Protein chains: 2
Amino acid sequence: MTITGKATTYSAPGSDLPNVLQQTTFVIDEAAIQPNDVVVKTLATPINPSDVAQIFGGYNDAVPSTRLGSDTTPQPLSVGGNEGVFKVIQIGSNVKNYEVGDVVIPKLPGFGTWRTHAVVDITQDSDLTPFIKVNDLTIDQAATISINPSTAYQLLHQFVKDWKSGDWIIQNAGNSQASKYLTQLAKLINVNVLSIVRDGKPQELYDELYELGATKVLSESEFLHPEFNIEDVTKGEGNVRLALNSIGGETVGGLVKGLSRNGVLATYGVLGGGKISYDGRIQLFKNISTRAYWLTANTKANPQSKVDTVEAVSKLFKEGKLKVAAYNKVKFDSTGDLKATILNTIGKSKSGKQVVIYE
Amino acid sequence: MTITGKATTYSAPGSDLPNVLQQTTFVIDEAAIQPNDVVVKTLATPINPSDVAQIFGGYNDAVPSTRLGSDTTPQPLSVGGNEGVFKVIQIGSNVKNYEVGDVVIPKLPGFGTWRTHAVVDITQDSDLTPFIKVNDLTIDQAATISINPSTAYQLLHQFVKDWKSGDWIIQNAGNSQASKYLTQLAKLINVNVLSIVRDGKPQELYDELYELGATKVLSESEFLHPEFNIEDVTKGEGNVRLALNSIGGETVGGLVKGLSRNGVLATYGVLGGGKISYDGRIQLFKNISTRAYWLTANTKANPQSKVDTVEAVSKLFKEGKLKVAAYNKVKFDSTGDLKATILNTIGKSKSGKQVVIYE
């Protein structure tokens with residue numbers, strides 16, 4: 001029996017996505033599966049901004065020649081996408097660690113998730129292919145656990161190791177998926193969160209963020225008002241130890257100003273252009289540090305850190321302590337045009353998190 | 001016998017220096033010296049920008065009520081100045097650690113050095129008064145060892161612990177006193193230095209910096225030219241691990257851009273207004289950190305670190321490995337007007353380092 005798979009691929013980086021992305025079909029001949037191969041079927045792949053940046057080039061190299069089907073001829077193609085959840089549908093005769101039916105996510109970035117199926121040699125490409133099993137999670141939880149909740153978990157614990165009850169975090173882009181997970185995770189350890197959101201957001205968004213555990217939500221204008229003082233929010237109780245910046249721009253100066261002595265500004269995204277600007281006198285007198293955070297770099301440097309993070313987040317999901325931040329589901333059926341679906345879904349991303357569900 | 005001393009003092013911070021600063025005279029009655037007192041005569045006091053910032057207020061609190069003479073009545077006055085070299089001219093009957101003739105510098109900031117003499121209880125005010133002995137140094141070396149060479153020494157060693165031969169440091173304000181010491185100290189451990197200086201500096205300055213050990217000196221325009229690439233200087237050999245910023249402003253973006261992966265930007269001064277601005281994408285992709293450095297904070301947190309630093313720098317001076325960066329000497333004789341001399345010397349500071357020599 002053979003499976004005909006589809007993948008959204010590119011052969012060279014570029015920003016003209018309709019021309020850069022290609023629809024590639026491939027064949028998996030089940031009789032030709034090698035002893036160390038695992039065949040997985042895709043269940044869901046979210047669109048992350050970093051996936052698009054990767055195709056533009058210069059951000060996070062995709063792994064070229066990702067094997068598509070059971071034909072092992074080298075294919076100079078990169079498959080788009082870095083996050084997704086897959087079900088094991090066939091294993092080679094030597095495979096011990098996976099069983100048919102296992103639900104898995106890729107351990108490392110660069111797997112190429114925008115495809116209906118993948119054939120993976122679990123020994124030969126050991127750095128690339130090992131999966132993390134997520135059998136105990138719902139598909140909703142597993143589909144997006146790898147990037148946003150994991151980022152939030154590491155941001156919370158990488159720069160401050162000794163959180164005290166009542167401490168504060170301030171963050172811009174307070175309504176991003178990562179910020180929503182950060183808010184929930186901080187609440188679990190009694191750390192307060194001040195989230196800044198763009199002006200003009202509806203009351204429903206404020207309600208949602210408060211529901212997730214935000215201590216205070218302010219618009220950018222309120223936060224950047226010359227008379228705003230961080231103690232208006234903290235009442236002078238608890239130190240503002242961490243400021244999280246995922247966009248750059250105007251709010252960064254306010255984040256640095258809002259930090260307490262010895263505070264850290266961590267930048268983990270540059271979606272707003274990424275300009276960092278602040279008053280060096282504040283840095284000097286309050287001994288502020290600024291740091292870079294990048295999940296991909298952490299994972300490449302120490303893959304086990306990613307496994308540990310997913311396990312920690314999984315535990316919180318399973319205990320009901322962490323809720324999936326709502327996202328929009330875009331259905332794809334195997335007879336459809338995957339490239340068109342991916343392009344269409346990327347286009348929708350500005351209105352919120354999008355996840356392609358493979359039926 | 002009595003000594004009549006003079007001090008340049010202020011009772012409240014302010015920026016109108018001619019009105020804020022006062023000339024205070026005081027009397028030391030040698031017969032009234034207490035058993036734990038040490039009387040010192042001032043030999044030299046440099047003007048540091050931080051001294052002036054301190055009088056402006058908000059920077060580094062002066063210690064009020066510094067005792068002036070043998071009259072122990074509390075005096076709600078701050079004496080200006082934080083650095084200087086003194087000779088012990090009299091000791092009380094209980095004093096064991098100092099001898100008449102010892103040459104000393106204050107261990108901690110806030111001593112109040114703009115005065116001809118000081119009477120110090122070496123037990124009661126132990127946090128404030130202990131001196132570091134510098135008997136083996138020349139007065140030229142001792143006069144300014146406490147701030148600029150000590151800052152340079154700590155900057156070199158605080159953020160990078162494992163310098164490798166051929167690594168690089170880049171710094172703005174490359175002709176400041178601290179930068180000149182940094183250049184010499186880096187050269188001693190085979191670390192390269194790229195120093196940026198303002199446009200229009202004369203060839204003599206370039207020659208002086210090269211003579212001190214700079215690997216390369218560039219004007220701001222050359223460094224900030226859009227086509228400038230750090231590898232034009234480094235030839236791709238050695239990592240740019242540390243960027244030193246003492247002014248803020250335009251060059252900061254270039255410093256961050258010039259750093260190699262995992263590099264650190266350390267800000268230790270804000271004389272140019274201190275605006276810090278750079279491209280967050282570079283911070284993210286190269287994992288750049290920015291840090292604050294402040295000698296005073298280090299010294300207050302760990303006074304022994306200052307003693308260790310002065311000892312390390314003293315050793316280099318005595319071995320002839322470190323040269324005093326040239327400064328201008330302003331003579332003051334005991335019949336003169338100390339406040340006028342100090343004001344006049346502050347006014348000259350823009351043209352280079354100034355040190356008042358007490359005759």
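Keep in mind that the numbers below use all heavy atoms, side chains included, and drop hydrogens, waters and symmetry copies. None of the values given here were measured: they were computed from a predicted structure.
- Smallest separation of non-hydrogen atoms from A/T267 and B/L284: O-CD1, 3.3 Å.
- Of the listed residues (A/R281, A/R291, A/Q283, A/K275), the greatest number of heavy-atom pairs within a distance under 4.5 Å of chain B belongs to A/Q283.
- With chain A as the partner, the residue from B/G248, B/A297, B/G269, B/S277 showing the most heavy-atom pairs under 4.5 Å is B/S277.
- The aromatic rings of A/Y278 and B/Y278 lie perpendicular to each other, with more than 60° between the two planes, well past the 30° mark.
- From B/I276, atom CD1 reaches atom CD1 of A/I282 across 10.5 Å, with rounding to the nearest 0.5 Å.
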